[in-house]
*Asks:* 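Here it is, the structure in full.
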Amino acid sequence: MKKKKLLKIGIIAAITLMNTGGLLSRTSVDASAKNIFNLQQPPISTTLPQEKLDIAGIFANLIYEAAFTNKINDSSGHMNGGPYPFEKEFNAHLDWYKTVDKETWKIESDMQLKATYLPNIKKSNKTVILIHGFSSQPNFMGAWAKVYYDLGYNILTPEMRGHGTSPDKQRSLGWKDKDDIAQWAKLLNEKTGADSEIILSGLSMGASIAMMSSTATELPQNVKAIIEDCGYTSIAEQVKFLINDKLGFLNDETRALVYHKLNDLLLERQGFKMEEGSAINQIKQSKIPLLVIHGDSDTAVPTSMAKAIYEASPAPQKEILLVPSASHPEAILFDLPQYKQKVASFLEKVW
């Protein structure tokens, strides 16, 4: 295949990804779109025409660059001009959290990781570890932080690997972050006392990280609940869904080949495959009380994933809230009062 033709395909692919806002943007695809292939099938034979292999390789590299490498998010985090009943409150709480004085905490793992800590003005032994989403940052979690702060919680917001100022230049979409959350919880106990009561809460990728960490070996026993907002069931299912959406102009065989080449890149560069990064597999093993929140019109992380997570959980205390009209990650923007009420009532039952 001529290099000029490959370059043209690459440019089209890049424009496609940019126009759709990256891999975790709001999309228009039907959330019930069929799977593009069986995850259990063996890798597609490399006896395919070289042209098809070249095309799949281009797309796999573009997706890896968009999803699995660190890029600074220099947006403001504000929501402007959307069909959101609680946009004003969202932006006000975002600005509050950006400017309020917070402590900087650090842990040493294979690299130095950072978090911000906001102690509640009312002395409290309850803390939420609030985990940001894909391509986001701790300071953008103001709307969610305000919900917990008003309930009397201290707020710890870690910066995920491969995001913002993290020294890690690659993202794992949560799989390498799960053990870090356990370390942050241990540090909380060291700093605030063994009588601390901790909940994990996350948004989108952060929600999946919270669920993935539920079975982490070193997670302290005083983690009392998980509140996940629009998390995906697994990296594999999420990436498969998005390839089906963004690359719908390719045939099924080529899209499947893109997935397998992307998986090979991930294994080569980060040492794991997408199938390993499963939130739902960890939830199946966890008895930690679980609240699932999702927009019923989410087409970036399908609402069906929320239902699957809820059904899979064996926790004796579990609840689900589907917010009408909300896409990704808009539940708090469409119905802030219901969001706050549901979180508060769930946590009252947990304690």
Side-chain angles (χ1 to χ4, degrees), residues 1-31 33-71 73 133-135 162-163 169-176 204-205 208 232-278 299-302 305 328:
M1 188 176 189
K2 294 182 179 180
K3 289 184 178 180
K4 186 178 289 187
K5 189 175 180 182
L6 280 172
L7 179 60
K8 184 177 180 180
I9 292 171
I11 291 170
I12 292 171
I15 291 171
T16 299
L17 288 171
M18 287 188 290
N19 284 345
T20 53
L23 282 177
L24 290 182
S25 66
R26 179 174 179 157
T27 70
S28 59
V29 71
D30 181 353
K34 67 184 179 69
N35 291 340
I36 58 172
F37 61 94
N38 184 341
L39 282 175
Q40 302 305 318
Q41 75 178 46
I44 294 175
S45 171
T46 54
T47 60
L48 289 167
Q50 188 60 44
E51 178 174 318
K52 187 169 287 188
L53 293 170
D54 289 340
I55 291 171
I58 288 171
F59 281 108
N61 276 281
L62 285 168
I63 293 170
Y64 190 92
E65 178 68 19
F68 292 99
T69 59
N70 189 5
K71 295 179 179 64
N73 185 341
F134 175 80
S135 196
H163 286 74
K169 300 306 177 187
Q170 299 191 93
R171 297 169 174 170
S172 69
L173 298 190
W175 189 237
K176 290 187 174 181
S204 189
M205 181 192 76
S208 294
Y232 40 81
T233 52
S234 69
I235 298 171
E237 288 295 329
Q238 182 62 26
V239 170
K240 187 173 75 168
F241 175 83
L242 291 165
I243 287 175
N244 198 31
D245 171 26
K246 308 300 184 188
L247 304 183
F249 51 86
L250 299 176
N251 64 35
D252 287 358
E253 186 179 52
T254 306
R255 278 179 280 159
L257 186 56
V258 170
Y259 177 89
H260 287 297
K261 282 188 169 289
L262 180 60
N263 228 356
D264 289 342
L265 285 174
L266 189 61
L267 181 62
E268 176 187 341
R269 297 175 185 178
Q270 297 200 45
F272 73 97
K273 287 198 168 188
M274 288 184 276
E275 292 79 11
E276 297 175 55
S278 176
T299 54
V301 176
M305 290 191 178
H328 189 84

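FYI, side chains are in, hydrogens and waters are out, and symmetry mates aren't considered; it's all heavy atoms of this structure.
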*Asks:* Side-chain contact, heavy-atom cut-off 4.5 Å: Pro302 with His328?
*Replies:* no
*Asks:* Just so I know, are the side chains of Phe59 and Thr254 near enough to count as touching, which here means a heavy-atom distance under 4.5 Å?
*Replies:* no
*Asks:* Checking Glu276 now: which residues fulfil side-chain hydrogen bond (donor to acceptor under 3.5 Å, both in side chains) with it, not counting sequence neighbours?
*Replies:*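 Counting only residues at least two positions away or on another chain, Glu276 forms no side-chain hydrogen bond (donor to acceptor under 3.5 Å, both in side chains).
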*Asks:* Hey, are the side chains of Arg269 and Thr69 touching, using non-hydrogen atoms and a 4.5 Å cut-off?
*Replies:* no
*Asks:* Should Glu253 and Lys52 count as side-chain neighbours, where that means a heavy-atom distance under 4.5 Å?
*Replies:* yes
*Asks:* Indicate yes or no: at least one non-hydrogen side-chain atom of Met305 is less than 4.5 angstrom from one of Gln238.
*Replies:* yes
*Asks:* Would you say the side chain of Leu53 lies within less than 4.5 Å of the side chain of Gln50, judging by non-hydrogen atoms?
*Replies:* yes
*Asks:* Residues in side-chain contact (heavy atoms from CB on, under 4.5 Å) with Asp264, at least two apart?
*Replies:*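 Asp264: side-chain contact (heavy atoms from CB on, under 4.5 Å) contacts with Lys273.
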*Asks:* Measure from the side-chain N and O atoms of Lys176 to the backbone N and O of Gln170, and report whether any donor-acceptor pair falls under 3.5 Å.
*Replies:* no
*Asks:* Should the pair His163 and Phe134 be assigned to parallel (<30°), tilted (30 to 60°) or perpendicular (>60°) ring geometry?
*Replies:*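 Taking Phe134 first and then His163, their aromatic rings stand perpendicular (interplane angle over 60°).
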*Asks:* Quick check: do Leu242 and Ile63 have side-chain heavy atoms less than 4.5 Å from each other?
*Replies:*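 Contact flag for Leu242/Ile63 side chains = no.
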*Asks:* For the residue pair Tyr64 and Lys261, establish whether any side-chain heavy-atom pair is separated by less than 4.5 Å.
*Replies:*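 Counting from C-beta outward, Tyr64 and Lys261 never come under 4.5 Å.
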*Asks:* Would you confirm whether Asn263, through its side chain, and Tyr259, through its main-chain N or O, come within 3.5 Å as a donor-acceptor pair?
*Replies:*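 No, because the side chain of Asn263 does not come within donor-acceptor range (under 3.5 Å) of the backbone of Tyr259.
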*Asks:* Can you tell me how far CD of Glu275 sits from OG of Ser234, rounded to the nearest 0.5 angstrom?
*Replies:* 8.0 Å
